[in-house]
Amino acid sequence: MAAATSSTAAASAAQAGPDVRKMPIAKALNESLRSAMENDPKVLIMGEDVGKLGGVFRITDGLQKDFGEQRVIDTPLAESGIVGTAIGLALRGYRPVVEIQFDGFVFPAYDQIVTQLAKMHARALGKIKLPVVIRIPYAGGIGAVEHHSESPEALFAHVAGLKCVSPSNASDAYWMLRQSIESDDPVIFFEPKRRYWDKGEVDVTAIPAPLHAARVARQGGDLTLAAYGPMVKTCLEAATAAQEEGHSLEVVDMRSMSPIDFDTLQKSVEKTGRLVVVHEAPVFLGTGSEVAARITERCFYHLEAPVLRVGGFHAPYPPARLEDEYLPGLDRVLDAVDRALAY
């Protein structure tokens, strides 16, 4: 019912004209949560410091003041208990939105997520739905201490029953969070924390693209760069730099890590003949591994070079002073582009 109501409202507003606002990703997420709570009284927000403080990144700023402590709930420091409580609330008809304060804090709740949240729908033969969204600020680039800069998306994308998505811009942040909340399936919503203050236009009256559809962020003809979340901006910068050397790179924003829109990736690679997949997480057994394997199967006779992957090293995330060496930046992306084009 919530999804239908939202779609109808969006369509009616679109007829009245667009409502475009420029805002950072953090504000877009805040506005998305506010809109979802206004639209559906069953939407609740739970997490550590999400109420009075408004979250450490201020994503939930002002929501407890406007919607009350019964709907924006400051929880104990107990991630397993937070997710377990959210599962119980979802069983009673609510739509909890859980905030995990930092990516590395999610692991105490891993058991609840993969053995309960992900499997309940199948275990009940489809009779039970668990519309829970787990928001995770993830990845590096903010100079944080240990356990504050992880990229665990492949761990969750591997688990059947979970949807995993990550926006790269303000418009997607707004709409993908709304769509995740309206989904009857559990969604792990990865927020690129170092991009929180990147600004972009958001049309709150638009009819959004499907939640798991990839988008071509930049057209090109020589090579495809595929990325999601924080690395989309880096790939766009790489495409601009490559253009100065006469190379035309297409950038595909995957947006979703489970399911993956392989059709859009295939169409791009059939045009360009080359693919480089980029993410902050370690290359070893990362999301890029699945993309590389699947695109090789689908596009074998179109490929002019092997699919290359760029990502973090297979090592624990380093201290803040070393994270620039650990994270894939412009030079490492362009090096992979050069290697692919050399074939």
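The figures that follow rest on heavy atoms only: side chains count, while hydrogens, waters and symmetry mates do not.
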S.K.: Quick one: hydrophobic cluster around L285, which other residues, with the 4.5 Å side-chain cut-off, linked directly or via members?
M.R.: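 Hydrophobic cluster check, L285: joined to F284.
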S.K.: Can you tell whether the side chains of D61 and R34 come within less than 4.0 Å, N to carboxylate O?
M.R.: no
S.K.: Name the one of V132, V97, V72, L89 that satisfies side chain to side chain contact (heavy atoms under 4.5 Å, CB included) with M46?
M.R.: L89
S.K.: Show the nearest heavy-atom pair for residues V277 and G288, with the distance to one decimal.
M.R.: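 Heavy atoms only, the tightest pair is CG1-CA, 3.7 Å.
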S.K.: Within a radius of less than 6.0 Å around CD of E38, do more than 12 heavy atoms belonging to other residues, nucleotides or ligands occur?
M.R.: yes
S.K.: Would R71 and D66 pass as an ion pair if we require N to O under 4.0 Å?
M.R.: no
S.K.: Salt bridge check: are E31 and R21 linked by an N-O gap of less than 4.0 Å?
M.R.: yes
S.K.: Would you check, one step at a time, whether the test side-chain contact (heavy atoms from CB on, under 4.5 Å) holds for I142 with F102?
M.R.: CA-CA 12 Å; I142 63 168; F102 281 92; 4.3 Å; yes
S.K.: Are a donor atom and an acceptor atom from the side chains of E153 and Y228 found within less than 3.5 Å of each other?
M.R.: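 Side chains of E153 and Y228: pair found under 3.5 Å.
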S.K.: Let me see the working for R135 and E191 under salt bridge (Lys or Arg N to Asp or Glu O under 4.0 Å), right down to the final yes or no.
M.R.: CA-CA 7 Å; R135 294 179 39 245; E191 300 172 5; 2.5 Å; yes
S.K.: With heavy-atom distances below 4.5 Å as the criterion, would you say the side chains of L177 and L33 are in contact?
M.R.: yes
S.K.: List the steps and the verdict of side-chain contact (heavy atoms from CB on, under 4.5 Å) for L334 and L330.
M.R.: CA-CA 6 Å; L334 289 173; L330 188 62; 3.9 Å; yes
S.K.: How would you list, by chain and number, every residue that makes a salt bridge (Lys or Arg N to Asp or Glu O under 4.0 Å) with E323, sequence neighbours excluded?
M.R.: none
S.K.: What are the two closest non-hydrogen atoms of V310 and P328, and how far apart are they?
M.R.: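 Here V310 and P328 meet closest at CG1-CB, 3.7 Å.
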S.K.: Could you give me the CA-CA distance, side-chain angles and deciding distance for S168 and D253, then say whether side chain to side chain donor-acceptor pair (under 3.5 Å) is met?
M.R.: CA-CA 8 Å; S168 67; D253 182 352; 2.6 Å; yes
S.K.: Kindly check if the number of other-residue, nucleotide or ligand heavy atoms within 6.0 Å of NE2 (H212) is above 12?
M.R.: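 Atom NE2 in H212 is packed in, count exceeds 12.
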S.K.: Does a donor on one side chain and an acceptor on the other come within less than 3.5 Å for K271 and Q219?
M.R.: yes
S.K.: Determine, step by step, whether F156 and I113 satisfy the side-chain contact (heavy atoms from CB on, under 4.5 Å) criterion, reporting the C-alpha distance in whole Å, the side-chain angles of both residues, the deciding distance to 0.1 Å, and the verdict.
M.R.: CA-CA 9 Å; F156 295 100; I113 294 170; 3.9 Å; yes
S.K.: Taking R215 first and then D172, would you say they form a salt bridge - that is, a charged N and a carboxylate O separated by under 4.0 Å?
M.R.: yes
S.K.: Under 4.0 Å between a Lys/Arg side-chain N and an Asp/Glu carboxylate O for R274 and E304?
M.R.: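 Answer for the salt bridge query: no.
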S.K.: Between E182 and R95, is there a salt bridge with N-O shorter than 4.0 Å?
M.R.: no
S.K.: On a heavy-atom basis, which atom in C235 and which in V251 lie closest, and how many Å separate them?
M.R.: O-CG2, 3.8 Å
S.K.: What do you reckon, are the aromatic ring centroids of F189 and Y138 less than 6.0 Å apart?
M.R.: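 Ring centres of Y138 and F189 not closer than 6.0 Å.
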S.K.: Is atom OH of Y94 surrounded by more than 12 heavy atoms (other residues, nucleotides or ligands) closer than 6.0 Å?
M.R.: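 Check fails, neighbour count at 12 or below.
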S.K.: Between T205 and D19, do the side chains contain a donor N or O and an acceptor N or O under 3.5 Å apart?
M.R.: no
S.K.: Relative to F190, does R255 satisfy both conditions: NZ or CZ under 6.0 angstrom from the six-membered ring centre, and within 45 degrees of the ring's axis?
M.R.: no
S.K.: Kindly state whether the ring of H147 and the ring of F107 have centres lying under 6.0 angstrom apart.
M.R.: no
S.K.: Over all heavy atoms of both residues, which pair between V202 and A28 is shortest? Give the atoms and the distance, please.
M.R.: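 Taking V202 first and A28 second, the nearest heavy atoms are CG2-CB, 4.3 Å.
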S.K.: Of K193, K27, K233, K22, which is the lone residue that meets salt bridge (Lys or Arg N to Asp or Glu O under 4.0 Å) with D198?
M.R.: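 Answer after filtering K193, K27, K233, K22: K233.
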S.K.: Tell me whether E250 is salt-bridged to K267, with the criterion being a basic N under 4.0 Å from an acidic carboxylate O.
M.R.: no
